[in-house]
Number of protein chains: 2
Amino acid sequence: MEKPHETDERVSQTDKAFEQAAEQPLDRRKTAILGTVVYEYIATGEPVGSATLTQKYNLGISPATVRAELASLDEEGYLDQPHTSAGRVPSDRGYRYYVDRLMLPETLTAQERERIRLEVNSASHQLDSIVDHASHVLSSLTRNIAFAIAPRLSTQVFRHIELIWLDDHAAHIVLVSNLGLAAQKTVNVQADLDAEALVHAANNFNQHLQGTALRDIDLEALQRLACQTPLPADLLRHIASILAEHSEAGIEGRLFSEGAHNLLDQQEFRDLRKLRAILDLLEEEQTLYQLLHRSLLAEGAKVSIGRELPTADMSECSVVTVPYKVGDSNAGAVGILGPRRMQYARLIALINCMADNLNALFHGDASSTPRE
Amino acid sequence: MEKPHETDERVSQTDKAFEQAAEQPLDRRKTAILGTVVYEYIATGEPVGSATLTQKYNLGISPATVRAELASLDEEGYLDQPHTSAGRVPSDRGYRYYVDRLMLPETLTAQERERIRLEVNSASHQLDSIVDHASHVLSSLTRNIAFAIAPRLSTQVFRHIELIWLDDHAAHIVLVSNLGLAAQKTVNVQADLDAEALVHAANNFNQHLQGTALRDIDLEALQRLACQTPLPADLLRHIASILAEHSEAGIEGRLFSEGAHNLLDQQEFRDLRKLRAILDLLEEEQTLYQLLHRSLLAEGAKVSIGRELPTADMSECSVVTVPYKVGDSNAGAVGILGPRRMQYARLIALINCMADNLNALFHGDASSTPRE
DNA sequence: CGTTGGCAATCGCGCATTGAGAGTGCTAAT
DNA sequence: ATTAGCACTCTCAATGCGCGATTGCCAACG
């Protein structure tokens with residue numbers, strides 16, 4: 001079981017410096033009211049008025065007093081009013097205050113934890129599949145969009161390579177790192193491929209590269225090892241590029257996202273143009289990748305709300321991200337994208353659970369039950 | 001260049017028998033009017049009235065006469081009227097008549113043909129990637145949903161297998177058929193895996209299964225070959241299941257679909273519930289698979305319109321499918337799903353081009369330029 | 001002085017009404 | 001058989017109205 005404050009600690013506070021006045025804590029009553037408004041709005045999706053607030057929650061004060069406090073919170077920028085005769089809705093700042101200080105950490109059910117564990121471990125040894133499964137299960141559990149990047153290989157170590165002859169101009173390359181299956185690719189080459197030579201070269205690599213960090217293997221290293229074997233130059237280039245694109249921060253084919261159809265259910269996306277904008281963003285991958293990349297720099301789950309996000313198109317969304325480690329350093333990240341009105345506590349619990357599972361998996365300790 | 005009637009021949013007429021009266025050709029003038037209405041409606045999306053018809057097209061008759069004919073076509077079931085004071089819209093039967101008899105075959109631009117060719121061949125030797133690319137390029141060119149199944153392996157022949165040791169309880173299996181890379185999978189086993197034994201067993205398989213049809217390799221055959229090697233029973237079962245699930249009509253992991261976001265642009269899906277219904281259908285895969293499977297039974301492109309489709313949810317959609325061959329028999333299929341108001345001629349041309357490319361590819365003649 | 005009940009004022013939303021426009025079907029004339 | 005004319009029907013967008021929800025303010029209260 002998590003202690004009440006653990007989640008707060010694990011939520012990165014790096015953005016706090018940019019928040020103009022969030023460090024000034026609100027007085028006790030304002031705090032209670034703001035928290036209740038955010039909670040109620042997240043639950044119902046309807047703007048919250050003073051009547052609802054006093055009827056559904058036992059605040060011990062009258063609607064009139066609540067109104068005064070609401071007006072004050074509105075003025076200070078924690079709440080918005082869609083229009084004069086409507087209730088209040090949290091602003092970015094209101095959500096931020098709620099996430100940083102008010103919300104109670106949520107605990108997952110055993111089924112949920114188990115489902116995450118199973119899904120992540122079902123694809124063990126296939127890095128791409130793992131993150132694919134990870135985003136799949138997260139999108140299904142949260143009914144939001146989940147996305148993830150496969151781990152960079154920079155910290156991983158060469159264990160095995162296999163070069164499979166397909167025909168005179170094509171070979172299949174399978175690269176295995178210390179963590180399991182790292183990469184695989186079919187490549188076409190100009191020159192004629194000799195099946196024997198492929199086996200021979202693979203043997204050579206396997207003997208001499210054993211234990212080398214993948215980032216240290218470049219084209220020259222490969223050429224040196226293959227100088228006795230009649231291996232086409234472009235095949236070597238392909239192998240080198242597999243290594244490079246996985247240790248560098250290359251995007252292509254490394255980003256997985258899932259669950260776009262979930263947005264259809266969210267009432268905030270009834271407007272098709274907004275929906276379209278988000279889908280285009282997914283297609284482009286650039287923005288999501290940037291978010292995940294940012295998340296690599298710090299520890300723990302990070303929440304980005306509305307205009308804190310890099311794109312104006314996402315100003316009505318929030319994103320929760322968390323990095324995961326391979327060995328001792330962050331190597332990849334997972335994120336959840338949904339409307340600002342999302343269940344932050346639950347999503348943070350889920351994504352932390354996911355990170356724990358991934359961390360355990362990439363420590364070679366795939367079957368252990370992680371914390372909590 | 002295609003001759004004017006070629007497309008007609010290539011459109012399978014198998015469903016004709018079920019069409020109650022489509023075989024009765026309409027008279028010349030009705031034909032012209034029906035064709036124009038369908039053409040105009042596909043182009044604009046607006047119900048077509050007698051005025052538009054006489055103004056935009058040179059029919060040589062007055063609006064009043066056109067109205068009489070429209071009323072008659074309406075009565076015979078070729079046209080529908082959204083409401084009394086609107087123009088006419090094609091019914092399923094109207095579209096069917098148009099597709100079977102009226103529409104002019106379309107020719108693709110050189111860019112389009114080249115784009116398909118490049119995309120399909122860019123992933124040569126990786127069966128899954130090929131169909132994935134195929135549906136990707138089709139969805140992008142048509143702005144509809146494209147879907148495809150990877151070829152069954154029943155007609156393919158064993159060429160090579162590789163068993164790669166990952167750790168004591170995991171191995172990566174790569175299966176290569178005469179057509180190139182056929183399947184790959186990472187499996188977990190209970191018993192301890194020995195790296196030497198894996199290499200040995202793979203060698204054994206490679207020697208003795210060379211040239212065997214994949215569908216003829218069952219668990220017993222594998223056991224017989226591996227009896228001298230200490231290979232865990234569940235590893236053999238995994239290998240057998242890879243063979244089985246690809247030669248049988250297994251669904252899982254074999255269906256690729258792409259381009260769901262394109263539906264957002266279609267005005268007929270402004271209603272979110274309809275959109276949702278279609279997305280759920282995609283998720284389930286069952287219906288799409290069934291459509292493709294049906295398509296394997298006949299030759300050439302097949303169009304299914306509205307209620308001709310198996311599900312009521314698709315009654316406002318149409319689907320174009322085409323099988324492709326491996327060797328001499330149909331082994332897979334590609335489809336395009338969109339609103340009934342789709343550019344049938346263009347989609348048929350595109351999908352036929354795709355089938356031609358796939359056919360050429362799976363004849364080992366990957367680089368040749370297929371018939372337009 | 002903080003809190004509260006009362007109350008007028010404001011605004012969005014749903015609903016009925018209305019008028020314009022588009023298209024039809026009918027009929028009588030050619 | 002074809003056509004022009006015309007009354008009719010129906011949708012759609014705009015308009016206006018009343019209801020309900022909520023607020024902000026004020027005066028009274030402890």
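In what follows, chains carry the letters A, B, and so on, assigned in the order in which the sequence lines appear, proteins first and then strands, with residues in each chain numbered from 1. Computation of the quantities below employed the complete heavy-atom set of this structure, encompassing side-chain atoms and omitting hydrogens, waters and symmetry-equivalent molecules.
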Peer 1: Just the atom pairs and distances: protein N or O near nucleotides 8-18 of chain D's N or O, under 3.5 Å.
Peer 2:
unit_1, atom_1, unit_2, atom_2, d
dC10(D), O2, Ser85(B), OG, 2.7

Peer 1: For Glu75(A) and dT23(D), what is the distance between atoms CD and P respectively, to the nearest whole Å?
Peer 2: 15 Å
Peer 1: Could you walk me through whether Ile42(A) and Tyr344(A) pass the side chain to side chain contact (heavy atoms under 4.5 Å, CB included) check?
Peer 2: CA-CA 9 Å; Ile42(A) 287 178; Tyr344(A) 291 95; 4.1 Å; yes
Peer 1: Let me know the distance between CD of Glu69(A) and C1' of dT22(D), rounded to the nearest Å.
Peer 2: 17 Å
Peer 1: Whole angstroms only, please: what is the CG-P distance between Leu53(A) and dT4(C)?
Peer 2: 14 Å
Peer 1: Give me the ring orientation class for Tyr97(B) and Tyr78(B): parallel if the planes are under 30° apart, tilted from 30 to 60°, perpendicular past 60°.
Peer 2: perpendicular
Peer 1: Rounded to the nearest Å, what distance is computed from the CG atom of residue Leu59(B) to the C1' atom of nucleotide dT3(D)?
Peer 2: 15 Å
Peer 1: What is the distance, to the nearest angstrom, from the NZ atom on Lys30(A) to the C1' atom on dT3(C)?
Peer 2: 15 Å
Peer 1: May I ask you to say what Ala86(A) touches in the nucleic acid, namely base, sugar-phosphate or nothing, with a heavy-atom cut-off under 4.0 Å?
Peer 2: sugar-phosphate
Peer 1: DNA chain D: Ala64(A) or Gly60(B), which has the more 5' nearest nucleotide?
Peer 2: Gly60(B)
Peer 1: Just the rounded figure in Å: distance from P of dA22(C) to NZ of Lys56(B).
Peer 2: 15 Å
Peer 1: So, is Arg29(A) near the phosphate of dT3(C), with a side-chain N or O under 4.0 Å from OP1 or OP2?
Peer 2: yes
Peer 1: For the side chain of Leu70(A), starting at C-beta, report the closest nucleotide among dA4(D), dT23(D), dT3(C).
Peer 2: dT23(D)
Peer 1: Compare all side-chain heavy atoms of Val37(A) with those of Leu73(A) and state whether any distance is below 4.5 angstrom.
Peer 2: no
Peer 1: Taking atom CG of Asp27(A) as the centre, does the number of heavy atoms from other residues, nucleotides or ligands within less than 6.0 Å exceed 12?
Peer 2: yes
Peer 1: Given dG23(C), is OP1 or OP2 found less than 4.0 Å from the side-chain N or O atoms of Arg88(B)?
Peer 2: no
Peer 1: Output the rounded distance in Å from CD1 (Ile61(B)) to C1' (dA4(D)).
Peer 2: 15 Å
Peer 1: Should we say atom OH of Tyr39(A) is surrounded by more than 12 heavy atoms from elsewhere, each under 6.0 Å from it?
Peer 2: no
Peer 1: Assess the side chains of Glu76(A) and Ser72(A): does a donor N or O sit below 3.5 Å from an acceptor N or O?
Peer 2: yes
Peer 1: Donor-acceptor pair under 3.5 Å: do we get one between Arg67(A)'s side chain and the base of dG6(C)?
Peer 2: yes
Peer 1: Asp27(B) has an atom CG; how far is it from atom P of dA1(D), in whole Å?
Peer 2: 13 Å
Peer 1: Between CG of Leu53(B) and CG of Asn58(B), what distance do you get to the nearest 0.5 Å?
Peer 2: 11.5 Å
